[in-house]
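Heads up, the thing below is written out as structure tokens.
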Amino acid sequence: MKKDDREIMEILEAYDLTGCAHSAAQLVGVDPKTVRRYVAARDAGLDPYVPVERDSIIDPYRDKIAEWVEQSSGKIRADIAHDRLVAMGCGGSERTTRRAVAAAKRAWRAGNGRSYKPWIPEPGRWLQFDWGAGPVIAGRQTQLFCAWLAWSRFRVVIPVWDKTLGTVLTCLDAVLRRLGGAPTYVLTDNERTVTIDRIATVAIRHPELVRAGRHYGVTVLSCEPADPESKGGSEATVKIAKADLVPTRVNLRPEYGSFAELEAACAVWCERVNARVHRETARRPVDALADEQQQLHVVPAAPYAAALGEVRTVDGDQTIRFGSVRYSTPPGHRGRQVWCRVHGEELVITAATDAGLAEIARHRLSTPGNPRIDDAHYPTHPAAGSGPRPPRPRPTDEAERAFLALGQGAHAWLVEAGAHGAQRARAKMTDAVELACLLGSELVDRALGVAAAAGRFDDGDIAAITEHLAAGGGDAAAVPADETHSAQPGTSSWEGFGR
């Protein structure tokens with residue numbers, strides 16, 4: 001059994017004290033041969049704390065294992081190597097082979113592995129971004145745009161539906177405005193929206209992205225192909241964001257019910273990670289960003305919108321016209337310019353917000369005469385097919401104002417009274433206000449609500465229901481009068497009269 005450093009030190013101290021291997025072995029509770037081995041190693045000038053390598057059954061095959069590791073560039077699996085060794089007559093276990101293969105791989109990497117030089121970024125120079133697969137919402141895959149400002153370690157994650165050029169420019173504009181400035185360089189992957197080709201290893205940039213870079217005053221660069229290590233900051237951001245934001249069996253995050261929920265989760269995530277002390281800088285990224293903003297140059301007030309599509313103005317009814325079809329937009333954009341572009345079978349509408357360019361709506365393409373109106377864009381209007389809008393009482397004089405001030409029951413009573421054609425409604429409203437002065441607004445308002453639900457609008461109904469409720473009666477006692485059930489006393493007791 002291998003001894004740890006403390007046990008070896010005690011063995012050597014016991015031998016120096018007694019000068020006898022047997023006595024030292026009795027003091028520390030080991031075999032005398034163990035004492036002699038560590039003492040002999042020390043006397044020979046060797047390090048007694050380094051374990052002695054013993055002969056192994058796999059030693060004759062180590063050169064062959066090293067050859068396989070070299071041929072496979074360190075990729076060969078230990079189980080494959082073990083099967084080959086067994087066929088060659090090696091009698092060692094698979095565990096022995098795994099240890100030998102691991103040692104051969106360590107030696108190969110020491111001579112062939114990639115060496116790194118610590119990168120010390122300058123403030124205001126580098127911004128990296130990359131893509132990560134987001135969660136599936138309503139059966140549709142989302143994408144996470146992950147950006148990382150190198151010096152301050154500030155991270156920004158924006159959820160989107162696709163990775164088209166228009167989306168890239170929208171996210172880039174939003175990130176720069178969230179950072180409060182633009183750096184010198186922007187480094188990203190070799191997506192077709194960035195690098196359209198490589199000739200003799202020279203990257204051919206997308207011309208639209210080059211023009212966007214000139215607009216923002218940044219130089220867009222792409223990393224080496226199939227070399228994610230050259231932009232490790234954004235890669236780490238993608239890894240952390242996916243681990244925290246994408247629902248898995250590990251993080252136990254529930255599924256997202258809508259895209260808005262994912263946007264809110266990304267905003268909370270960014271706020272949390274940027275307020276946490278970074279282990280490399282020992283500072284919070286949000287504090288470091290405040291210093292780095294002094295080195296960032298100003299972002300143009302107008303976004304680069306050439307690749308975002310055609311310009312449209314939102315009408316008073318919150319719609320835009322595209323291809324002779326009306327498409328709705330969310331509240332807050334009336335009279336403003338938006339950009340519309342077609343992506344597949346959808347129309348994407350982008351607008352300038354306080355945080356930069358952002359996608360505000362997405363509709364399926366339609367034909368003239370078939371507008372696309374999203375009911376969620378009109379939260380104060382009834383949904384399509386829901387029928388006429390119920391009246392909303394608005395007082396026009398003091399008497400109406402006093403009645404409606406009783407509460408929601410008064411509002412409901414007035415609406416139902418109008419629908420039932422109740423007579424002398426104003427007089428009954430005045431009686432209710434006077435009754436509230438005597439018994440309290442809460443009780444009378446409750447009685448008005450019960451009367452509205454029961455359809456009772458005759459003279460004295462409000463007073464009767466109020467008296468019933470004041471006596472401790474329940475709301476269910478007020479039964480609406482109809483032809484099958486009447487509140488009037490019956491005449492069944494007169495049936496036998498005169499017989």
Side-chain angles (χ1 to χ4, degrees), residues 119-132 143-238 241 289 292-293 295-309 339 341 343 348 350 352 355-359:
W119 181 41
I120 304 177
E122 302 177 35
R125 297 278 285 180
W126 288 96
L127 173 69
Q128 301 179 9
F129 75 83
D130 201 357
W131 295 97
Q143 302 292 332
L144 299 178
F145 181 90
C146 304
W148 181 75
L149 192 60
W151 186 82
S152 61
R153 272 73 174 182
F154 193 88
R155 294 185 172 104
V156 179
V157 175
I158 301 175
V160 293
W161 286 113
D162 55 60
K163 299 193 291 184
T164 58
L165 179 61
T167 302
V168 172
L169 296 178
T170 301
C171 294
L172 184 60
D173 180 274
V175 168
L176 295 180
R177 299 187 188 279
R178 191 172 301 182
L179 296 177
T184 304
Y185 302 105
V186 175
L187 179 66
T188 183
D189 214 337
N190 286 270
E191 298 280 349
R192 283 292 180 181
T193 52
V194 179
T195 303
I196 58 178
D197 198 3
R198 279 187 177 268
I199 302 176
T201 70
V202 176
I204 308 299
R205 306 275 180 248
H206 196 295
E208 199 66 60
L209 197 64
V210 173
R211 287 190 284 269
R214 292 171 183 167
H215 176 81
Y216 292 108
V218 301
T219 301
V220 181
L221 303 174
S222 56
C223 67
E224 294 294 326
D227 186 20
E229 296 177 355
S230 60
K231 52 178 181 59
S234 58
E235 290 286 341
T237 302
V238 171
L289 176 63
E292 188 169 10
Q293 285 175 342
Q295 307 297 327
L296 300 175
H297 57 266
V298 178
V299 179
Y304 181 79
L308 299 181
W339 293 269
R341 59 186 172 89
H343 174 57
V348 181
T350 304
L357 290 177
E359 178 184 320

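The figures that follow rest on heavy atoms only: side chains count, while hydrogens, waters and symmetry mates do not.
In plain terms, the two heavy atoms of L176 and P183 that are nearest each other are CD2-CD, 3.8 Å. Between L127 and A147, the shortest heavy-atom contact is CD1-CB, 4.2 Å. Of all heavy-atom pairs spanning P207 and I196, the tightest one is CD-CD1, 4.4 Å. Of all the heavy atoms in D130 and E235, the pair that sits closest is OD2-OE2, 2.9 Å.
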Do W151 and W126 pass the side-chain contact (heavy atoms from CB on, under 4.5 Å) test, and can you show the C-alpha distance, the side-chain angles, and the key distance before you say yes or no? CA-CA 8 Å; W151 186 82; W126 288 96; over 6 Å; no

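Looking only at distances, a side-chain donor or acceptor of H297 sits under 3.5 Å from a matching main-chain atom of G217. Looking at Y216, its side chain does come within 3.5 Å of a backbone N or O of Y304 through a donor-acceptor pair. Here the side chain of R205 pairs no donor or acceptor atom with the backbone of V194 at under 3.5 angstrom. Looking only at distances, no side-chain donor or acceptor of R155 sits under 3.5 Å from a matching main-chain atom of R153.
Sorted by first and then second residue, the side chain to side chain donor-acceptor pair (under 3.5 Å) pairs with a member in residues 174-185 read D173-R177; sequence neighbours excluded.
In this structure, R192 CZ and K163 NZ are separated by 13.0 Å, a value rounded to the nearest 0.5 Å. Residue L296 holds its CG atom at 7.0 Å from CG of L289, rounded to the nearest 0.5 Å. In this structure, CD on Q293 lies 8.5 Å from CZ on F154, to the nearest 0.5 angstrom. Rounding to the nearest 0.5 Å gives a distance of 10.0 Å between OG1 of T188 and CG of L221. Here the straight-line distance linking atom OG1 of T167 with atom CH2 of W131 works out to 6.0 Å at 0.5 Å rounding. Atom CD1 of I158 sits about 9.5 Å away from atom OG1 of T170, to the nearest 0.5 Å.
When the side-chain hydrogen bond (donor to acceptor under 3.5 Å, both in side chains) test is applied to S152, the partners found at least two apart in sequence or on another chain are E292.
Residues T195 and S222 have side chains that bring a donor and an acceptor to within less than 3.5 angstrom of each other. The closest side-chain donor-acceptor pair between R341 and T350, if any, does not fall under 3.5 angstrom.
In the displayed structure, I204 atom CD1 is contacted under 6.0 Å by more than 12 heavy atoms of other residues, nucleotides or ligands.
Residues L169 and L209 meet the side-chain proximity criterion, which asks for heavy atoms closer than 4.5 Å. The side-chain heavy atoms of Q143 and D162, taken from C-beta on, include no pair separated by under 4.5 Å.
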